[in-house]
Amino acid sequence: MILFWLALLIGVWLLGVYWLYRRQQRRSDDYAWSKDVLAGGVLWLLVFGFFWRTLSGAVFQPADGGDLVSFLFPTYRFAAAELSQGRLPLWNPTLYGGAPFIGDIQAGFLYLPNLLLFLVAPAFPYTALQGLSVAHLFWAGLGMYVLMRTLRWPLRPVSRPAALFAALVFAFADPLLIHFGNLNLIAVLSWAPWVLAAFVRGLMTARWLWPGVAGLLLALGSYAGHAQSTLYVGLALTLVTIGWMATTWFEQRRFDRQVWRPAAMWLITAALAGLLLAPILLPALELTRHATRTDFTYQDTVAFSLAPTQALAALTTPSLFGRGPALHWSLWERVELPYLGVPALILAFCGVALALPEARRRLWMWLALAGFGLLMALGVYTVMHGWLTLLLPMFDQFRAPARAIVLWSLGMSVVAAVGFDAVAVQLSRSSVVHGFLRGGAALLALAVLASYALLFVTQSDPTAFLRASLAALALVIAFASWLGSWALIAARWRRRLSFGAFSALMIALLYVELAAAGAYTDISERDPTAGFQHDDVIAFLRSDDDLFRIDTRTDLEGVWQPDTAALVGLQDVGGVSNPLALRRAVEFWESTGGRDTRRYDLLNVKYVLVREGTPLPAGKFERAFGPVQGVEVYRNRDFAPRAWVAPADANLNELLPPSTPLAAETLAYTPTAMRFRVNTPNAGWLIISEFWYPGWNAAVNGVAAPIELVNGALRAVAVPAGASEVTLSYWPLSFTIGLLAAVVGLALLAVLIWLARPRSTPTDSA
């Protein structure tokens with residue numbers, strides 16, 4: 001079936017190329033759109049070919065599913081289920097005892113591609129997310145192609161083959177490829193070249209609409225939900241702005257409007273993006289005050305830094321220390337690497353050494369961007385990262401400095417494209433390049449010989465022999481690619497290859513090397529969603545009409561996916577590890593003293609899921625179902641109802657449920673609205689087993705009432721004697737303000753569009 005759709009798409013694409021070509025011939029257009037559409041289609045075919053096993057369903061990627069299966073799949077399915085019922089998923093009651101969904105910026109339900117998927121197919125399969133990951137890698141490469149065709153050096157862009165070469169480099173760059181399972185991360189980063197292309201277009205044309213378009217694109221991409229990636233796109237934009245201002249000053253040697261215009265455009269882009277992002281940005285900032293992530297120390301922040309030894313080795317191969325979680329070994333954590341492919345490394349060097357002087361003046365800002373990203377990625381190994389934790393707001397909340405290597409990939413892709421044309425179009429030569437090619441080949445040859453020697457001396461140690469074999473294979477591939485690149489460059493210099501032949505062979509060499517190093521890394525034939533597939537257990541739990549929670553915080557990893565509740569519509573006090581968990585929820589859990597206490601019963605946990613044979617406190621828990629697939633379900637005989645009445649003089653700071661609580665009747669319950677009926681002879685407190693959080697409002701018999709804290713975590717509402725109805729609803733003020741800010745942003749964008757409209761002249765009107 002997938003081959004049928006591929007063939008259909010290829011046919012439509014070729015027809016579109018032909019139509020554009022004929023249109024160009026009839027109108028004598030200067031710009032050949034057909035060639036760009038052709039290049040975009042070739043890029044898609046290469047991306048499809050890279051992931052053909054994953055897209056065909058033969059394998060799953062990542063092998064264990066990563067965040068794609070453990071976090072994003074159930075989270076997105078919860079959002080899709082809510083939207084299909086006509087509700088905005090602002091609160092998620094299915095995990096951690098309940099948490100703000102709109103405040104978790106990773107939720108991504110307002111990101112346009114996600115939203116379309118959720119509305120069209122609410123019960124989408126896991127493989128749909130793999131498809132979205134592949135699509136975003138293609139989108140990243142296409143954006144790089146557009147960026148390279150937008151930039152001028154200084155009067156014309158690089159050739160289309162050079163732009164396609166850069167597109168491949170960025171699409172399969174290590175920061176994107178190894179995060180295949182972090183869909184939200186690569187989704188945000190895939191918009192980076194598009195944002196820069198629009199912004200650069202504004203700098204070149206001095207039209208104020210383009211920074212507005214850049215701000216819109218930045219906001220659209222950032223709705224995918226990865227704040228750290230948005231920060232890196234913003235840093236790229238900032239460094240390009242500074243570089244453009246410095247270059248303009250250097251060319252003019254004076255400060256004037258042209259020098260300061262990039263700063264003004266940067267302000268427009270930043271302001272518009274901030275306004276349009278406010279609906280998710282303001283709730284996210286609100287959550288940071290209540291989440292455990294604010295407890296991060298600097299040591300937490302610099303976890304997963306790029307070690308210098310890794311960085312140096314990865315310039316030519318990503319596999320010296322094993323690529324992928326199954327084969328990685330070293331004293332350092334497995335992180336993003338500066339690997340771009342040997343042909344890209346060589347052509348980037350050619351870009352620096354061979355670019356014409358007028359192009360080199362505009363090239364240094366991209367080199368600076370690449371260097372800045374590399375230094376940032378070193379994290380704890382360089383002092384610069386520590387400075388930025390003090391200078392940039394919220395920067396100290398982001399872990400994994402190695403992710404900044406995406407700036408290196410972005411900058412070096414541009415430099416490599418310039419080097420491509422310096423060799424292929426300008427036929428520029430330099431003794432420095434000759435020396436670099438000879439020296440690199442010699443070093444790699446020595447490394448290959450050393451790796452073969454290690455194969456002989458490590459045969460008695462299986463672990464060491466495996467590592468030596470991986471290193472030898474990686475170095476041989478790098479050496480062969482180096483020699484191939486050298487041969488192609490030499491042949492082009494001697495005019496033994498035409499421009500077209502050189503371009504096709506160089507792009508093919510890069511693609512083959514990147515595919516050899518990464519196409520079959522971290523894949524598996526085992527379905528990573530198996531941990532969700534407990535139909536009998538789920539059916540049993542769903543058959544209970546009570547409003548209750550389950551407890552899966554019992555070392556079920558490997559048997560039961562922690563976020564299963566979000567996928568199947570249950571409510572759990574646990575979930576996958578999440579630094580955005582509410583501090584109140586974490587502290588309350590830690591204060592319960594164990595499952596045999598009445599404080600634990602306040603959580604409304606009716607069923608506890610354990611591995612087969614795991615003991616629970618006798619007398620309080622009885623086995624209710626199983627074992628099935630290694631899981632047993634125990635019923636808590638003493639669980640407290642979701643809402644019950646406590647006396648008016650109860651101490652809300654140290655409250656425990658009575659042996660037989662007076663339960664409230666649940667009239668309605670949705671994630672963001674609930675209604676209870678109580679009938680009590682005396683005034684008291686309605687104790688609700690939901691975690692306190694700003695944005696929740698209560699009303700008793702239609703009259704607004706305050707929500708009080710119970711034991712520093714749960715909620716209580718005062719009720720009078722007699723019958724009462726208590727309603728609670730969630731609509732945070734931060735979200736309202738964010739929506740108003742987004743409206744202001746759209747108005748600003750409309751003003752920019754209006755100002756950019758064609759102006760009629762008196763002659764035209766006549």
Side-chain angles (χ1 to χ4, degrees), residues 33 35-48 50-51 111-113 132-152 157-177 179-180 183-204 210-224 226 229-237 239-240 269 273 340 344 365-366 369-370 373 405-418 420 507 510 514:
W33 288 104
K35 294 181 180 179
D36 292 312
V37 174
L38 182 66
V42 170
L43 176 63
W44 164 243
L45 288 176
L46 293 175
V47 171
F48 180 91
F50 195 94
F51 292 105
Y111 179 52
L112 188 57
L132 276 178
S133 291
V134 173
H136 279 96
L137 292 181
F138 164 71
W139 186 246
L142 188 62
M144 178 55 67
Y145 179 90
V146 171
L147 174 61
M148 294 314 306
R149 294 295 294 167
T150 302
L151 289 167
R152 298 293 187 267
V158 297
S159 65
R160 289 182 176 86
L164 181 59
F165 184 89
L168 280 178
V169 172
F170 189 66
F172 298 125
D174 210 60
L176 299 180
L177 189 59
H179 281 293
F180 187 89
L183 173 57
N184 52 337
L185 182 151
I186 62 174
V188 176
L189 292 179
S190 71
W191 289 83
W194 292 96
V195 173
L196 291 174
F199 189 73
V200 166
R201 181 73 174 171
L203 295 177
M204 294 189 307
W210 287 108
V213 173
L216 175 64
L217 294 175
L218 178 55
L220 286 174
S222 296
Y223 268 101
H226 198 271
S229 298
T230 296
L231 174 67
Y232 289 144
V233 178
L235 284 174
L237 200 64
L239 291 172
V240 168
T269 300
L340 302 170
M365 73 179 75
W366 301 99
L369 176 64
I405 205 69
V406 70
L407 301 179
W408 158 271
S409 304
L410 191 60
M412 291 298 284
S413 298
V414 174
V415 179
V418 174
F420 189 105
I507 290 172
L510 172 71
L514 293 174

To the closest 0.5 Å, what do you measure between CG (Asn184) and OG (Ser222)? 11.5 Å
Quick check: do Asp174 and Ile405 have side-chain heavy atoms less than 4.5 Å from each other? no
Is the side chain of Arg152 donor-acceptor paired with the backbone N or O of Thr150 at a distance under 3.5 Å, no angle test? yes
Start with the C-alpha distance between Phe138 and Phe48, add both sets of side-chain angles, then the distance that settles side-chain contact (heavy atoms from CB on, under 4.5 Å), and finish with yes or no. CA-CA 9 Å; Phe138 164 71; Phe48 180 91; over 6 Å; no
Short question: side chain of Ser413, backbone of Val169 - any donor-acceptor pair under 3.5 Å? no
Least distance between heavy atoms, Ala224 atom then Ala187 atom: CB-CB, 3.6 Å
In terms of heavy-atom contacts, Trp210 and Ala198 come closest through CB-O, 3.3 Å
Got a second to check how far Met204's CE is from Leu151's CG, nearest 0.5 Å? 6.5 Å
Might you point out which heavy atoms bring Ile507 and Pro161 nearest each other, and give the distance in Å? CD1-O, 3.7 Å
Would you give the length of the straight line joining atom NE2 of His226 to atom CG of Leu231, rounded to the nearest 0.5 angstrom? 11.0 Å
Just wondering, do Leu220 and Trp194 contact through their side chains at under 4.5 Å, heavy atoms? no
Run through Val146, Val414, Leu410, Leu218 and flag the one making a side-chain contact (heavy atoms from CB on, under 4.5 Å) with Leu196. Leu410
Heavy-atom nearest pair, Pro193 first then Ala140, reads CG-O, 3.6 Å
Return yes if a side-chain donor-acceptor contact under 3.5 Å exists between Asp36 and Tyr145, otherwise no. yes
To the nearest 0.5 angstrom, please state how far the CG atom of Leu112 sits from the OH atom of Tyr223. 11.5 Å
Kindly give the heavy-atom pair with the smallest separation between Gly221 and Val188, and that separation in Å. O-CG2, 3.4 Å
Using side-chain contact (heavy atoms from CB on, under 4.5 Å), reason through Phe165 and Val158 one step at a time and then give a plain yes or no. CA-CA 11 Å; Phe165 184 89; Val158 297; over 6 Å; no
Shortest non-hydrogen contact from Ala416 toward Ala344: CB-O, 3.7 Å
So Leu176 and Ser190, side-chain contact (heavy atoms from CB on, under 4.5 Å) or not? Walk me through it. CA-CA 8 Å; Leu176 299 180; Ser190 71; 5.9 Å; no
Going by the angle between their ring planes, with limits at 30° and 60°, are Phe50 and Phe172 parallel, tilted or perpendicular? parallel
I'd like to check Trp366 versus Val240 (side-chain heavy atoms, cut-off strictly below 4.5 Å). Are they in contact? yes
Does the pair Leu142 and Phe170 meet the rule for a side-chain contact (heavy atoms from CB on, under 4.5 Å), with working shown? CA-CA 9 Å; Leu142 188 62; Phe170 189 66; over 6 Å; no
Would you call Trp44 and Val134 a side-chain contact if the rule is heavy atoms closer than 4.5 Å? yes
Do the side chain of Trp191 and the main chain of Val233 share a donor and acceptor less than 3.5 angstrom apart? no
What's the separation between atom CG in Leu407 and atom CG in Leu239, rounded to the nearest 0.5 Å? 7.5 Å
Separation of Leu137 CG from Leu43 CG (nearest 0.5 Å): 10.0 Å
Under 4.5 Å between any side-chain heavy atoms of Leu183 and His136, yes or no? yes
